[in-house]
Structures are given as C-alpha cells and as structure tokens.
J.: 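Just dropping this structure here.
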There are 2 protein chains.
Amino acid sequence: MTDATVLQPSAMLRRAGLRVTQPRLAVLDALARHPHAATDVLIAAARETRSVSHQAVYDVLHTLSDLGLVRRIQPAGSVARYELRVGDNHHHVVCRSCGDVVDIDCATGSAPCLDPSELDVHAPGFVLHEAEVTYWGLCATCAGSAEPQPDLTAPSRTASSRTTEKRKNRV
Amino acid sequence: MTDATVLQPSAMLRRAGLRVTQPRLAVLDALARHPHAATDVLIAAARETRSVSHQAVYDVLHTLSDLGLVRRIQPAGSVARYELRVGDNHHHVVCRSCGDVVDIDCATGSAPCLDPSELDVHAPGFVLHEAEVTYWGLCATCAGSAEPQPDLTAPSRTASSRTTEKRKNRV
DNA sequence: CCCTTTTCCGGAACGAGTCAAGACAACCGG
DNA sequence: CCGGTTGTCTTGACTCGTTCCGGAAAAGGG
Ligand SMILES: [Mn+2]
Ligand SMILES: [Mn+2]
Ligand SMILES: [Zn+2]
Ligand SMILES: [Zn+2]
C-alpha cells in the first residue's frame with residue numbers, strides 16, 4: 001500500500017517521527033533516481049545533491065529500512081541494494097552476469113505469497129512472515145553477447161577454481 | 001537428481017575430473033556433518049579431521065560449487081553457507097532471529113519452479129534459469145522466547161537507528 | 001619412481017560495513 | 001525569534017569475511 005514514492009520526502013519522514021535532515025533528503029532523492037542501487041552508488045548520488053558523509057548514508061538507510069520506508073534487498077553474492085517500493089511484496093529478476101535487477105509484481109498478492117507445504121513437517125512451529133522470490137538468469141543484453149558483461153555474482157562459471165577476471169558491483 | 005550424498009566422496013571428486021586431496025575430503029566430510037554451515041564453521045569442522053588452511057577451504061568450496069557438487073546459499077544479511085544437497089531445486093526457510101536454515105522440498109519440481117508472469121513486459125529477452133524461494137519468519141524456539149535468540153540477520157528491528165546489540169554469524 | 005600439473009599454503013591485502021565520541025542542527029517551548 | 005534538548009552527523013579507526021599472490025607441496029599418469 002503506502003507507496004513511499006507518492007509522498008513528499010519531508011512529509012514521509014515527519015510522519016514516521018523522524019527529523020527532516022539534509023542527509024535523509026539527499027538519500028531519498030538518490031533512491032528515487034536509482035532504484036535497486038548499491039550503497040556506494042547512493043553515496044555518490046547523494047553527494048551530487050548535498051554534502052553527506054558515507055556514514056550518514058549508512059545510518060539513514062538503516063533508519064529508513066528499519067521503519068519500513070525503504071526496502072533492502074541483497075541478492076546472493078551482491079552487496080546490499082535499496083529501493084523505495086515497499087509494502088507491495090514484489091519480487092526480483094536478477095541477471096547472473098551483469099547483476100541487473102528488475103521488479104516483478106507478485107502474482108499472488110500480499111505476503112507470504114507462497115506457502116511451503118512441508119513447513120509443519122520440517123520446521124514445526126515456524127512462524128512464516130514472507131516468501132522472498134528471486135528469479136535468476138541472464139538479461140537480454142548478457143544472453144546475447146557471448147562474452148558476458150562485467151560480472152557481478154558469477155557463481156555460474158563452468159570451469160575450475162581461481163578466476164582471473166575482476167568483478168565490479170556497480171549499478 | 002545426482003544427490004551428492006549417496007556417492008563416495010573420492011568417487012564424486014574423480015568423476016568431476018578433480019584430484020582427490022586431503023582438503024577436499026575434509027571439506028566434504030565437514031559439509032556432510034554440517035548442512036547449511038558458514039565457511040568459518042566448515043573450516044573448524046574440516047580441521048577436526050585433517051590439517052587444512054583456511055584458504056584451502058575457500059578454494060575447495062569455490063571449485064566444488066563452480067562444478068555444481070555443492071550448493072552455495074546466502075540469505076540476505078548472512079555470510080555464505082554451503083550444502084551437499086544439489087540438483088533438486090529445493091528451497092529454504094530462514095529464521096530472522098537465530099538465522100537457522102531448514103530445507104523445504106520444491107512443491108513444483110524442477111527449476112525454474114515458478115514463472116514470473118510479467119517477465120516479457122518488464123524484462124523482455126531475459127533467459128530464466130531458476131526461481132530461488134526463501135521463506136522468512138521465526139523458528140519455533142525464537143517465536144516462543146520473548147527475548148529472541150542470539151541474532152543473525154535482524155533487519156526486523158522496530159526502533160530507530162544504531163543498535164547497541166552485538167551479532168554473531170555462527171551455525 | 002619421476003615429472004608435470006594441479007592444488008595448497010601463509011601472509012598480505014581488500015572492501016563493505018560498523019563502532020565511537022564529539023560536533024552539530026532540528027525541533028520545541030518560551 | 002532565541003536558546004536548550006535531543007536526535008543526528010562527522011571523522012577516522014577498525015572489524016570481518018573473503019580474495020589476491022607466489023612459492024611449496026602432493027596427486028596422478030607414464
Ligand atoms: Mn524492487
Ligand atoms: Mn538446503
Ligand atoms: Zn545482464
Ligand atoms: Zn530462530
């Protein structure tokens with residue numbers, strides 16, 4: 001429901017009982033412009049607007065995600081990413097090669113959208129909150145090019161041990 | 001299918017074209033005894049058997065997961081965890097409080113067990129490999145105790161910014 | 001048993017994220 | 001409009017899991 005994007009940044013902060021500060025406005029602005037961005041990207045983006053310390057960005061992201069104003073996702077092998085789309089229990093498609101993340105509306109509806117049939121058998125008494133679904137594969141670009149894009153998660157390598165390639169975790 | 005656990009360790013190594021070495025046997029043994037264990041636990045467990053360097057364990061885990069002999073999972077906010085159950089596309093239930101991981105058979109069958117309806121719309125040309133499902137909630141123990149167990153992932157905190165508690169990432 | 005190739009080792013390095021303590025600035029009440 | 005009270009930011013050091021490096025060791029084929 002309460003889609004954060006429709007509210008005035010300062011309004012949504014105050015409504016959550018938070019002070020309206022420069023770092024928070026800067027981060028909210030950065031989030032609006034960079035959905036699913038990693039922290040370092042958000043830091044850079046926030047600095048385009050205001051002067052903010054990296055620690056402030058971390059603090060803001062913690063505060064906001066603890067209060068549910070932003071969502072934090074962390075596809076395996078990636079650093080934390082953040083988005084303003086909250087409360088709609090949507091899912092994500094992630095490219096194994098370039099790490100790109102795309103939203104997918106939840107077909108089933110609200111959380112938990114899926115129910116593990118064997119829950120009672122293998123984890124009796126477990127209280128289920130949500131089912132997180134991550135679709136893995138290759139985006140159109142990466143699927144096309146034989147030589148994949150600068151990699152991100154890459155557990156999908158065919159060969160043996162130590163890879164020589166570098167990796168980068170940008171957006 | 002090819003459930004790793006039913007094969008002799010040395011056999012499955014050789015069948016994958018790998019040399020049978022002490023570190024690899026030690027890690028396979030550790031994995032058998034500690035499903036879903038984090039790397040540090042596996043290092044400790046492997047050392048109970050043979051003398052192995054931490055780097056060797058990392059190398060082995062990379063080699064084996066690259067070849068698909070072990071599976072690597074990484075629930076958001078946790079370090080990497082490994083298991084021998086591969087190729088059956090099973091899913092996981094994770095306790096938000098203590099970080100405990102439990103297997104859940106995939107009801108649908110083989111990967112990708114789920115199909116995002118809007119794939120073509122929002123990510124046209126995307127080649128789907130698998131759908132990873134992670135169920136989040138509280139295990140019976142943690143749901144019972146008001147004061148939750150030593151924490152692991154804990155994005156579920158209600159209050160504001162900087163938490164005072166410590167955390168630990170064990171199995 | 002020797003040689004080649006793979007694998008392992010120890011140590012240094014790295015990067016995302018955290019801790020800590022003092023400076024600062026929102027907001028409130030006057 | 002001002003000054004005090006908190007909650008928030010800054011700076012800089014630091015932790016922890018993991019990776020990089022290059023020489024040493026050992027697996028396996030001949
Ligand atoms: Mn999203
Ligand atoms: Mn499992
Ligand atoms: Zn891609
Ligand atoms: Zn628990």
Side-chain angles (χ1 to χ4, degrees), chain A residues 10 13-14 16-27 37-44 46-47 50-67 72 74 76-82 151-155 159-170, chain B residues 10 13-14 16-27 37-44 46-47 50-67 72 74 76-82 151-155 157 159-171:
Chain A
S10 43
L13 287 173
R14 254 187 277 268
L18 295 173
R19 292 185 179 178
V20 178
T21 69
Q22 296 303 310
R24 281 171 186 164
L25 293 174
V27 169
T39 317
D40 58 344
V41 174
L42 293 174
I43 292 174
R47 285 196 167 130
R50 321 281 213 288
S51 165
V52 195
S53 73
H54 79 115
Q55 186 60 252
V57 175
Y58 278 107
D59 285 348
V60 169
L61 289 173
H62 274 152
T63 305
L64 297 186
S65 49
D66 284 349
L67 291 176
R72 175 195 332 226
Q74 191 164 3
S78 161
V79 297
R81 289 153 179 272
Y82 298 86
D151 191 281
L152 157 69
T153 44
S160 40
S161 47
R162 219 173 291 162
T163 321
T164 23
E165 301 157 40
K166 291 294 169 191
R167 123 172 55 110
K168 70 175 210 202
N169 274 12
R170 295 298 104 84
Chain B
S10 44
L13 287 173
R14 254 186 280 268
L18 294 174
R19 293 183 177 178
V20 178
T21 69
Q22 296 304 309
R24 282 170 184 164
L25 293 175
V27 169
T39 317
D40 59 343
V41 174
L42 292 174
I43 292 174
R47 285 193 167 132
R50 321 279 213 288
S51 165
V52 195
S53 74
H54 79 114
Q55 186 58 254
V57 175
Y58 278 105
D59 286 347
V60 169
L61 290 173
H62 275 153
T63 305
L64 296 186
S65 49
D66 285 348
L67 291 176
R72 175 193 336 225
Q74 192 164 4
S78 161
V79 298
R81 288 154 180 271
Y82 299 85
D151 191 282
L152 158 67
T153 45
R157 186 140 286 87
S160 40
S161 47
R162 220 174 288 163
T163 320
T164 23
E165 300 157 40
K166 293 292 171 194
R167 122 173 55 108
K168 70 174 211 201
N169 273 13
R170 296 296 107 82
V171 148

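Reminder, nothing fancy here: chain letters follow the sequence lines and each chain counts from 1.
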J.: To the nearest Å, give me how far apart CZ (B/Arg50) and C1' (C/dC8) are.
T.: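 It works out to 15 Å between those atoms.
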J.: Return the minimal non-hydrogen interatomic distance between B/Arg72 and B/Ser65, and the atom names on each side.
T.: NH2-OG, 3.3 Å
J.: May I have the distance from B/His62 (atom NE2) to D/dG17 (atom P), rounded to whole angstrom?
T.: 15 Å
J.: Using atom CG of A/Leu42 as one end and atom P of C/dA16 as the other, report the distance to the nearest whole Å.
T.: 13 Å
J.: From the options C/dT18, C/dC8, D/dT19, select the nucleotide whose nearest atom is closest to the side chain of B/Tyr58.
T.: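 Looking only at side-chain atoms, B/Tyr58 lies closest to D/dT19.
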J.: Please find the pair of heavy atoms, one from B/Gly77 and one from A/Gln74, that lie closest to each other, and give the distance.
T.: N-OE1, 3.2 Å
J.: State whether the side chain of B/Thr63 and the backbone N or O of B/Asp59 hold a donor-acceptor pair below 3.5 Å, judged by distance alone.
T.: yes
J.: Run the side chain to side chain contact (heavy atoms under 4.5 Å, CB included) test on B/Arg19 and B/Leu13 for me, step by step, so that the C-alpha distance in whole Å, both residues' side-chain angles and the decisive distance to 0.1 Å come before the verdict.
T.: CA-CA 7 Å; B/Arg19 293 183 177 178; B/Leu13 287 173; over 6 Å; no
J.: How sharply is the helix from C/dC1-D/dG30 to C/dG30-D/dC1 bent, taking the axes over five pairs at either end and rounding to 10 degrees?
T.: 30°
J.: Counting only side-chain heavy atoms from C-beta out, which of C/dA16, D/dT10, C/dC8 sits nearest to A/Val52?
T.: D/dT10
J.: Could you check if a side-chain atom of A/Thr21 sits within less than 4.5 angstrom of a side-chain atom of A/Val60, using non-hydrogen atoms only?
T.: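 A side-chain contact is absent here, since even the closest heavy-atom pair is not under 4.5 Å.
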J.: I want to verify a distance call: between C/dT7, C/dG10, D/dT8, whose nearest atom is closest to the A/Arg24 side chain?
T.: D/dT8
J.: For A/Gln55 and C/dC24, give me the distance from atom CD to atom C1', rounded to whole Å.
T.: 16 Å
J.: What's A/Ser51 touching, base or sugar-phosphate or nothing? Going by heavy atoms closer than 4.0 Å.
T.: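 Sugar-phosphate: the residue A/Ser51, judged by heavy atoms under 4.0 Å, touches backbone atoms but no base.
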J.: Side-chain N or O of A/Thr63 less than 4.0 angstrom from OP1 or OP2 on D/dT8?
T.: no
J.: Can you check the B/His54 NE2 to D/dG17 C1' distance for me, whole Å?
T.: 10 Å
J.: In whole angstroms, how far is the C1' atom of C/dA16 from the CD atom of A/Gln74?
T.: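 Going from A/Gln74 (CD) to C/dA16 (C1'), I get 10 Å.
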J.: Using every non-hydrogen atom in the two residues, find where A/Ala56 and A/Pro23 come nearest and quote the distance to one decimal.
T.: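 Closest pair (atom of A/Ala56, atom of A/Pro23, distance): CB-CB, 4.1 Å.
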J.: Rounding to an integer number of Å, can you tell me how far A/Leu13 CG sits from D/dG7 C1'?
T.: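 Value for this atom pair: 14 Å.
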J.: Whole angstroms only, please: what is the CG-C1' distance between B/Asp66 and D/dT19?
T.: 14 Å
J.: A/Leu42 and A/Ala37: which non-hydrogen atoms are nearest, and at how many Å?
T.: CD2-CB, 3.8 Å
J.: DNA chain D: A/Ala56 or B/Ala80, which has the more 5' nearest nucleotide?
T.: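 Here A/Ala56 is the residue nearer the 5' end.
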J.: Going 5' to 3' along nucleotides 25-30 of chain D, which nucleotides have protein heavy atoms under 4.0 Å from the base (write B), which only from the sugar-phosphate (write S), and which from neither (write -)?
T.: -BBS--
J.: May I ask you to test the B/Thr39-B/Val79 pair for a side-chain heavy-atom distance under 4.5 Å?
T.: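 Side chain of B/Thr39 against side chain of B/Val79, heavy atoms only: no contact under 4.5 Å found.
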J.: Any non-hydrogen side-chain atom of B/Val27 less than 4.5 Å from a side-chain atom of B/Val52?
T.: no
